[in-house]
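Beneath this line is the structure, given in structure tokens, with notes to follow.
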Amino acid sequence: MNRVTAKAWFLLFRPWSYTATFVPFLVAAGLFGSQAARWGRWGVGLFCGLLFQATVNLFNTWGDERSGVDAVPGTVRTTPQVHDGLVSMRALFFAAAVCALAAGALGTGLCLFRADGAWHVDLPLLTAGFVGFLGSTNYSTGIKFKYHGLGVPFVAFLMGPLEIFVAAELLHPHATFATLLDGRAPGAAAGFALLTLPVAALVCVIMHGNDMRDIPTDRAAGISTPSTLLGPRGALALYWFCHLLPYLVCAKIVMTGRAAFLLPYFALPLTARTLWKATAVYRSHPDNPPWRGLERASGGIHFLFGVLYAAAFACFKHLVLE
């Protein structure tokens with residue numbers, strides 16, 4: 001493999017995007033780390049999650065190229081390596097399939113654990129992993145959630161509450177699921193959903209920022225996204241909402257006396273700058289805003305906020321599911 005081909009593969013895998021997997025696992029570690037004794041499983045699960053994300057990234061490029069979406073004039077090709085002839089469609093599909101199969105096999109193995117001298121299957125973890133497998137292989141191929149306006153909410157769910165749940169189950173086999181359904185803690189599920197909402201919202205804005213940029217070309221290609229359905233003004237409003245929602249959740253937690261949840265507010269200046277730029281672009285061209293770089297800026301905020309959010313959880317041994 002020559003240097004040019006190696007660089008092409010590096011860009012196709014998009015390793016800079018893997019913070020979207022790292023953050024949910026880090027938040028789960030902050031939530032349950034003080035009670036955990038299975039960090040090896042957590043680490044293997046993180047690697048498995050990275051394989052799933054690699055699957056999504058590769059299949060996304062393959063699906064976009066195959067469907068002709070990237071052929072629409074004016075389309076911004078995030079990964080043009082296949083279009084430029086540096087990597088073949090066959091090789092790209094093979095790499096994506098290998099990542100998917102490796103993630104599936106490794107994830108299935110993680111669903112087995114030994115307790116009380118016997119082997120057990122963590123069915124909730126197996127179910128969550130299967131949903132993740134379906135999501136990673138059907139984003140822009142198969143069912144094609146991305147092309148039917150479901151890409152943003154589906155990814156927010158997969159890389160928010162679902163991935164945090166998976167990481168928590170790896171730290172405490174079967175304990176997280178049992179706690180969520182414990183009749184003695186009727187608000188446990190709602191509490192878990194609330195605490196995972198910031199991660200889901202910030203993953204949402206990464207995808208949504210990309211869709212905002214592509215409103216004209218997606219419409220030309222006949223693709224439905226929240227941005228194409230809402231139009232520029234509505235898309236900007238949703239962008240604001242998803243960016244600010246995590247801070248509202250932190251404010252709610254701070255009001256219970258947990259001042260450590262002021263930590264994520266150190267990301268607020270970056271959020272304010274990103275929102276100001278997005279709004280300025282919209283005001284200059286309200287009919288067709290030339291948004292660029294929103295997904296990159298939102299990705300940085302997602303990572304910084306996620307690290308600080310996990311650190312805030314680590315300050316308390318008993319917070320979640322109260």
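- Under the 4.5 Å side-chain heavy-atom criterion for Ile, Leu, Val, Met, Phe, Trp and Tyr, Tyr265 and Phe313 are members of the same hydrophobic cluster.
- The backbone N or O of Glu295 sits nowhere less than 3.5 Å from a side-chain atom of Asn210 that would complete a donor-acceptor pair.
- You'll find the ring centres of Phe13 and Tyr18 outside the 6.0 Å limit.
- Checking side-chain atoms of Ser88 against main-chain N and O of Ala91 turns up a donor-acceptor pair under 3.5 Å.
- The backbone N or O of Ser17 lies less than 3.5 Å from a partner atom in the side chain of Gln53, making a donor-acceptor pair.
- Among pairs with a residue in residues 231-242, those fulfilling side-chain hydrogen bond (donor to acceptor under 3.5 Å, both in side chains) read Tyr239-His243, Tyr239-Ser298, Trp240-Thr279, at least two apart in sequence or across chains.
- The distance between the ring centers of Phe93 and Phe59 falls below 6.0 angstrom.
- Between the side chain of Tyr309 and the backbone N or O of Leu263 there is no donor-acceptor pair closer than 3.5 Å.
- In terms of heavy-atom proximity, Phe192 sits nearest to Pro161 at CE2-O, 3.8 Å.
- Taking Phe133 as the reference, nothing meets the ring pair (Phe, Tyr, Trp, His ring centres under 6.0 Å) condition, with sequence neighbours excluded.
- Residues Val23 and Phe303 meet the side-chain proximity criterion, which asks for heavy atoms closer than 4.5 Å.
- Side-chain atoms of Trp291 come within 3.5 Å of backbone atoms of Ala278 as a donor-acceptor pair (strictly under, hydrogens ignored).
- A search for ring pair (Phe, Tyr, Trp, His ring centres under 6.0 Å) contacts involving Phe145 returns Phe154, not counting sequence neighbours.
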Checking Phe266 against Phe305 for the ring pair (Phe, Tyr, Trp, His ring centres under 6.0 Å) test, could you report, in this order, the C-alpha distance in whole Å, the side-chain angles of both residues, the deciding distance, and whether it holds?
CA-CA 8 Å; Phe266 281 106; Phe305 184 99; over 10 Å; no
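- Scanning all heavy atoms of the two residues, the minimum distance from Asp211 to Pro226 falls at OD2-CD, 4.4 Å.
- In this structure, the side chains of Leu150 and Lys144 stay at 4.5 Å or more apart for every pair of heavy atoms.
- Between the Asp214 side chain and the Thr217 main chain, no donor and acceptor come within less than 3.5 Å of each other.
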Before you tell me yes or no, could you show the steps for Tyr147 and Thr225 under side chain to side chain donor-acceptor pair (under 3.5 Å), namely the whole-Å CA-CA distance, both residues' side-chain angles and the distance that decides it to 0.1 Å?
CA-CA 7 Å; Tyr147 301 155; Thr225 67; over 6 Å; no
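- The shortest side-chain heavy-atom distance between Leu194 and Ile253 does not fall under the 4.5 Å cut-off.
- Proximity of Met212 to Ser227: side-chain heavy atoms (C-beta onward) are separated by under 4.5 Å at one or more points.
- In this structure, Arg219 contributes its side chain and Thr228 its backbone to a donor-acceptor pair below 3.5 Å.
- Taking every heavy atom of both residues into account, Arg41 and Leu112 meet most closely at NH1-O, 3.2 Å.
- When side chains are defined from C-beta on, Leu202 does not count as touching Ile206, because their heavy atoms never get closer than 4.5 Å.
- At least one side-chain heavy atom of Lys146 sits less than 4.5 Å from a side-chain heavy atom of Asn60.
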Pair Asp64, Ser140 - check side chain to side chain donor-acceptor pair (under 3.5 Å), show working.
CA-CA 7 Å; Asp64 284 351; Ser140 55; 4.9 Å; no
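- Looking only at distances, no side-chain donor or acceptor of His285 sits under 3.5 Å from a matching main-chain atom of Pro290.
- Taking all atoms of both residues into account, the shortest heavy-atom contact from Ala297 to Thr274 is CB-OG1, 3.7 Å.
- In this structure, Val27 and Gly306 approach most closely via the heavy-atom pair CG2-O, 4.0 Å.
- Val199 has its side chain within reach of His302: a pair of non-hydrogen atoms, C-beta onward, lies under 4.5 Å apart.
- Here the closest non-hydrogen pair linking Thr137 and Thr141 is O-OG1, 2.6 Å.
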